[in-house]
Q: 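Right, I'll just put the structure down here and ask away after.
Each chain gets a letter, A, B and so on, in the order the sequences are listed, and its residues count up from 1.
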Amino acid sequence: MTELSTLAGTDSGALKGYNFAFLDEFTKREIRRKILKAVAIPGYQVPFGSREMPLAKGWGTGGIQITLSIIGRSDVLKVIDQGSDESVNAVNIRNLVSRMTGVETTSDTGSATIIQTRHRIPEEALTEDQIMVFQVPFPEPLRTIEPSEQVTRRMHAEQDYSSMWLHLYEDIVKHGKITIGARYPCLVNGRHLMDPSPIPRWDVPRLHRSPVLHLFCAGREKRIYAVPPHTPVEPLEFEDYKFETEDFSGKVCERCGSSDTFLDEIIDDATGDSRYLCSDTSFCEKRQRGCA
Amino acid sequence: MTPAPALEVSNLTKIYGSRCQDCIENTGPDHGSNVCPVCGSVVACADITFDVMPGEILGIVGESGSGKSTIVRCLHFDMEPTGGAAYLHCSGDENIFLLNSQRKRAVRNQHLGMVYQNPRMGLRLDVSSGGNIAEKLLAAGWRNVGNIRDRGRELLKRPEIPLERMDEAPRNFSGGMQQRVQIAKALANDPDVLLLDELTTGLDVSVQARILDLIKEIRRSTDAAMILITHDLGVIKLLSERTIVLKDGRIVEMGLTDQILEDPQHEYTQLLVNSVL
């Protein structure tokens with residue numbers, strides 16, 4: 001017991017007095033085991049013993065527990081928040097992991113081996129050597145229509161998703177279209193309904209048969225789920241009301257001139273005018289330098 | 001050749017409580033109670049055996065607490081029976097009580113329709129009327145909103161629900177209108193067996209008459225077998241060909257409705273018929 005949880009801290013770069021990657025080895029082992037189960041049943045939410053972390057629940061404790069459990073000395077970490085490497089949340093998580101492991105960090109999507117994210121998938125094409133880690137606020141896609149955990153578990157067990165379909169039907173009747181923005185419900189591997197975390201609809205098709213391992217974790221709600229590489233991920237849609245991504249036609253990023261990326265609308269308080277910028281800042285910079 | 005029954009039920013039994021080996025022997029109409037004197041278990045119904053033909057309306061009458069609703073609730077998988085079997089002609093030769101819950105739900109969505117006494121139990125009152133019908137269709141795999149709405153209109157027109165109120169929630173409707181929406185929902189997937197549990201109880205007489213007309217119209221236009229639960233002999237007389245009389249969880253008499261009303265054999269049936277007249 002003591003052998004496994006020995007306070008190592010002798011590695012170069014990692015903070016002394018802490019185990020490598022902050023978590024003790026038993027916790028990492030449990031989380032890895034739960035990840036394996038999640039990978040074995042794509043889209044299924046595996047309960048796990050979420051630990052207290054040195055940041056508040058709801059600020060990415062799920063994502064960071066996954067990252068700390070899977071990270072090794074040779075990994076290169078990238079952390080983004082709403083597409084940006086420089087937001088407070090992203091910087092703090094990156095600094096924490098870096099201090100606890102001494103691993104290299106980067107803002108370059110191509111050279112990262114682990115990418116922890118909140119609300120976005122990087123624009124750059126990902127490869128099978130990379131792992132995406134999503135911070136998830138609400139793992140249960142059925143929660144908005146069914147408050148009881150017991151009932152939603154039964155619904156998943158029996159693949160009884162008619163009430164979610166009904167929810168979409170009512171949306172169409174009331175508003176003429178499906179109004180869900182982020183967190184668009186998807187069927188994974190033709191079996192489990194999954195909340196893809198609050199990524200915009202823009203990113204949903206990019207989960208479909210992607211070569212990357214996607215790991216999702218909700219620290220507050222204590223759930224881990226996964227989309228393994230090359231797994232089908234299909235947003236729910238009707239034959240006559242198809243799933244649609246956000247429409248940016250006619251708009252380009254003010255900085256890099258891109259017209260094929262997810263854009264953030266920025267409203268000038270003084271004039272009321274809209275400006276558009278790439279949400280993925282590192283990709284935007286690459287474009288500006290002419291590298292992408 | 002006689003056609004096969006749409007539904008066959010044999011020895012359906014539902015007991016609440018700890019159960020002992022003497023429960024069934026010590027209860028029933030001969031004992032005047034459905035509570036087992038040995039262990040105190042309640043025998044809601046026992047040894048219920050009957051069948052229903054396609055297009056036939058089978059009435060089940062009995063006093064409050066006689067086990068009428070228990071029978072249809074078991075058949076609709078709202079509760080698990082203690083014992084017995086039921087076979088649906090359309091879903092093969094398996095005892096439907098032994099199916100796993102996923103297949104039970106499939107049977108319910110594809111082959112059964114249920115109308116509860118209280119529309120609150122059969123409807124989602126906050127979801128539009130069209131949505132209530134859509135729910136059944138969606139569960140059966142419909143994925144085209146246009147087709148779903150066409151079918152919804154067709155179904156709501158039948159019980160005379162104004163189509164401009166299709167997208168309104170039944171919460172805003174009168175009791176009679178809610179009941180008609182519930183019937184439309186029950187008919188959504190052209191059920192092979194329609195279960196009607198006290199569907200006119202608590203409605204005023206003119207509304208009752210419209211609902212009963214609607215059921216007659218459904219009988220004319222579909223081939224659904226119907227089980228009609230009621231304590232109102234008038235409804236039985238108007239609608240059902242055959243009738244089962246239930247007392248203390250047992251069948252005390254079964255036969256043609258006319259025969260039962262004109263020439264009741266069992267003491268309890270005689271009492272029932274006399275108290276109406």
Q: Name the atoms and distances for all side-chain donor-acceptor pairs under 3.5 Å in residues 192-199 of chain B, with sequence neighbours left out.
A:
| residue | atom | partner | partner atom | Å |
| --- | --- | --- | --- | --- |
| B/D192 | OD2 | B/H111 | ND1 | 2.9 |
| B/D197 | OD1 | B/S69 | OG | 3.1 |
| B/D197 | OD2 | B/S69 | OG | 3.1 |
| B/D197 | OD2 | B/R73 | NH2 | 3.4 |
| B/E198 | OE1 | B/T201 | OG1 | 2.6 |
| B/E198 | OE1 | B/H231 | ND1 | 3.2 |
| B/E198 | OE2 | B/H231 | ND1 | 3.2 |

Q: For the interface with chain A, which of B/G131, B/G130, B/A139 has the highest count of heavy-atom pairs at distances below 4.5 Å?
A: B/G131

Q: Step through the atoms of chain B and chain A and list each donor-acceptor pair whose separation is under 3.5 Å.
A:
| residue | atom | partner | partner atom | Å |
| --- | --- | --- | --- | --- |
| B/S101 | OG | A/E158 | OE2 | 2.8 |
| B/Q102 | NE2 | A/E158 | O | 3.3 |
| B/R105 | NE | A/E158 | OE1 | 2.9 |
| B/R105 | NH1 | A/D160 | OD1 | 3.4 |
| B/R105 | NH2 | A/E158 | O | 2.7 |
| B/S128 | N | A/E170 | OE1 | 3.1 |
| B/S128 | OG | A/E170 | OE2 | 2.6 |
| B/R143 | O | A/E239 | N | 2.7 |
| B/N144 | ND2 | A/E239 | OE1 | 3.2 |
| B/V145 | N | A/D240 | OD1 | 2.8 |
| B/V145 | N | A/D240 | OD2 | 3.2 |
| B/G146 | N | A/D240 | OD2 | 2.7 |
| B/R149 | NH1 | A/Y169 | OH | 3.0 |

Q: For B/A85, what residues pass the side-chain contact (heavy atoms from CB on, under 4.5 Å) criterion, not counting sequence neighbours?
A: B/S10, B/Y87, B/N95

Q: Among residues at least two apart in sequence or on other chains, which ones pass salt bridge (Lys or Arg N to Asp or Glu O under 4.0 Å) with B/R158?
A: B/E217

Q: Kindly give the heavy-atom pair with the smallest separation between A/L166 and B/A134, and that separation in Å.
A: CD1-CB, 4.4 Å

Q: Is it the side chain or the backbone of B/L137 that comes within 4.5 Å of chain A heavy atoms, both, or neither?
A: neither

